**Student:** 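Next up is a structure, given as structure tokens.
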Amino acid sequence: MKKTAKAPANIAFIKYWAKADAATRVPKNNSISMNLSDMYSICTVEFDASLKKNEVHFLDEETIKSQELARISDALDKIRNIAGSVLFAKVVTKNNFPKATGIASSASGFAALTLAATKALGLNLTEKELSLLARTFSGTACRSIPDGFVEWQKGTYENDSYALSLHPPEYWDIADVVAVVTSKMKKVSSTDGHALAPTSPFYELRLAGMDAKIANLKKHMRDKNFTSFGRIVEDEALNMHAICITSTPPLLYWQPETIRIMKNIALWRESGELESYFTIDAGSTVHVICRGTDAQKAKSYLEKIEGIEKVVINRPVKGAQLVTEHLF
Ligand code: PMV
């Protein structure tokens, strides 16, 4: 059976940065995100008795790194074991945005793979089971399974660390206007970054403030209080990057253009022209969070800043879905 799934990337308002258990990707803290309408992966999977090994193709890339291939093969093995199958699979996948620049390509990619591969083997997993499974392949992939605004509950062990929808996509009209600063891949992967986090002298302090920060953010989301929400989002991004910058060795994901955008956002806010807030994942890309009604304005402002490669408006959207158009 051939199945194809489409899954969104997601932007974290509260970041996952450090694992409680590296092997199972159980995180140190809960995180909160929004699924992105216009940055997504599509993945087609077919298990086939004539294959002697897994066959994996990325439509947008000529070569696949051996670690990437190993990660996808491990995921397929795990799903095959759950279904009690011995068949190998053909996998074709594509992203509509550049990888490893601070947009969660492993989140959308592994969420789409999880849904397509389980369905291709006739499994009908619940949303919770899909989220648990996707987490084991890429932590943030668990947040691309449920709809809209999502919380990943860290849990205490492998089988209770998964993501749930807090609000459906239509709940709140906000936008993430993504400013891609460079499509070059970052040098240090987020997997390595998670492992370095505890070397920062500020790491324990970050974790100590986390529960209160999450409770406040959720309250402002419930109240749709955009200003208070935005302040926490920006503060949290700086907090996570403070950990990165003070890790040993230090990780500075920003480019000069990243800072230029951060400075502009503050100016737009101070002048009353545009109320928006930045957040940045593990890369140079800036996510500009604004009211949905301001999204076009934010895009046109960003396009005037030097050094920006691409600006994409994203609205909140559903999580991973099956689609009928296959990639092969
Ligand atoms: O899933 P990973 O290992 O790529 O982790 C990335 C984590 C951040 O994007 C930096 C933050 C987050 O919660 O998305």
Side-chain angles (χ1 to χ4, degrees), residues 7-36 39 41 65 67-68 71-72 75 95 97-114 131-146 149-154 161-163 166 176 178 180 185-197 200 203 206-207 210 213-214 217 232-245 247 251-254 258 278-287 289 314 319:
N10 64 71
I11 179 62
F13 300 137
I14 300 285
K15 313 288 187 190
Y16 149 57
W17 199 242
K19 299 171 191 176
D21 180 53
T24 56
R25 297 191 168 84
V26 172
K28 273 289 201 183
N29 60 271
N30 288 21
S31 52
I32 295 183
S33 61
M34 178 181 107
N35 289 332
L36 304 181
M39 298 192 136
S41 302
K65 283 206 253 151
Q67 302 106 294
E68 276 179 313
R71 236 170 123 177
I72 293 172
N95 302 319
F97 58 90
K99 282 164 86 167
T101 54
I103 309 159
S105 61
S106 63
S108 52
F110 278 105
L113 178 77
T114 303
S131 180
L132 281 168
L133 188 57
R135 187 209 75 234
T136 66
F137 306 146
S138 162
T140 47
C142 76
R143 296 194 312 236
S144 290
I145 299 285
F149 299 89
V150 171
E151 179 169 18
W152 173 7
Q153 302 185 335
K154 63 179 176 180
S161 182
Y162 64 100
L166 293 173
D176 173 9
V178 176
V180 179
M185 304 260 281
K186 61 197 179 201
K187 291 207 182 78
V188 180
S189 71
S190 42
T191 304
D192 293 338
H194 288 290
L196 293 178
S200 164
Y203 170 70
R206 168 174 168 75
L207 293 178
M210 199 41 105
K213 194 192 292 193
I214 289 177
L217 188 93
I232 297 184
V233 167
E234 235 180 60
D235 170 85
E236 161 62 3
L238 291 170
N239 187 303
M240 182 199 105
H241 284 272
I243 300 296
C244 298
I245 294 164
S247 292
L251 292 175
L252 180 59
Y253 285 114
W254 304 343
T258 311
F278 62 77
T279 185
I280 305 164
D281 279 346
S284 55
T285 295
V286 183
H287 296 252
I289 311 298
N314 289 278

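These figures come from a predicted structure and were not determined experimentally. Throughout, numbering of the chain's residues begins at 1 and tracks the sequence. Counting starts at 1 for both ligands and their atoms, in listed order.
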**Student:** What pairs with A195 under side-chain contact (heavy atoms from CB on, under 4.5 Å), at least two apart in sequence or on another chain?
**Tutor:**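 For A195 there are no side-chain contact (heavy atoms from CB on, under 4.5 Å) partners, ignoring immediate neighbours.
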**Student:** Output the distance between atom NZ (K15) and atom CG (N30), rounded to the nearest 0.5 Å.
**Tutor:**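 Result: 15.5 Å between the selected atoms.
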**Student:** Any idea which atoms of ligand 1 are less than 4.0 Å away from a heavy-atom of S138?
**Tutor:** 1 (O)
**Student:** Is there a donor-acceptor pair under 3.5 Å between the side chain of S144 and the backbone N or O of P8?
**Tutor:**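 Side chain of S144 to backbone of P8, a donor-acceptor pair under 3.5 Å: yes, one is there.
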**Student:** With no hydrogens and no angle check, is any side-chain donor or acceptor of S161 less than 3.5 Å from a backbone partner on K154?
**Tutor:** yes
**Student:** Provide the number and element of each atom of ligand 1 under 4.0 Å from a heavy atom of W17.
**Tutor:** 10 (C)
**Student:** Would you call the rings of W254 and H241 parallel, tilted or perpendicular, taking 30° and 60° as the class edges?
**Tutor:**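 Geometry flag for H241 against W254: tilted rings.
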**Student:** Given G139, S190, C142, A18, identify the one with the heavy atom nearest to atom 4 (O) of ligand 1.
**Tutor:** S190
**Student:** For ligand 1, which atoms sit closer than 4.0 Å to a heavy atom of A12?
**Tutor:** 12 (C), 13 (O), 14 (O)
**Student:** Looking at ligand 1, does any of its N/O atoms fall within less than 3.5 Å of an N/O of Y16?
**Tutor:** yes
**Student:** Looking only at distances, please establish whether an N/O atom of ligand 1 is found under 3.5 Å from an N/O atom of T191.
**Tutor:**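 Between T191 and ligand 1 (N or O atoms, distance only) the closest approach is not under 3.5 Å.
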**Student:** Looking only at non-hydrogen atoms, which of R143, R135, R25, E236 approaches atom 12 (C) of ligand 1 most closely?
**Tutor:**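 Going through R143, R135, R25, E236 one by one, R143 has the nearest heavy atom to atom 12 (C) of ligand 1.
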**Student:** In terms of atom number and element, which parts of ligand 1 are under 4.0 angstrom from non-hydrogen atoms of A282?
**Tutor:**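 Per the distance check, 10 (C).
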**Student:** Donor-acceptor check, side chain of N35 to backbone of P146, threshold 3.5 angstrom: yes or no?
**Tutor:**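 Present.
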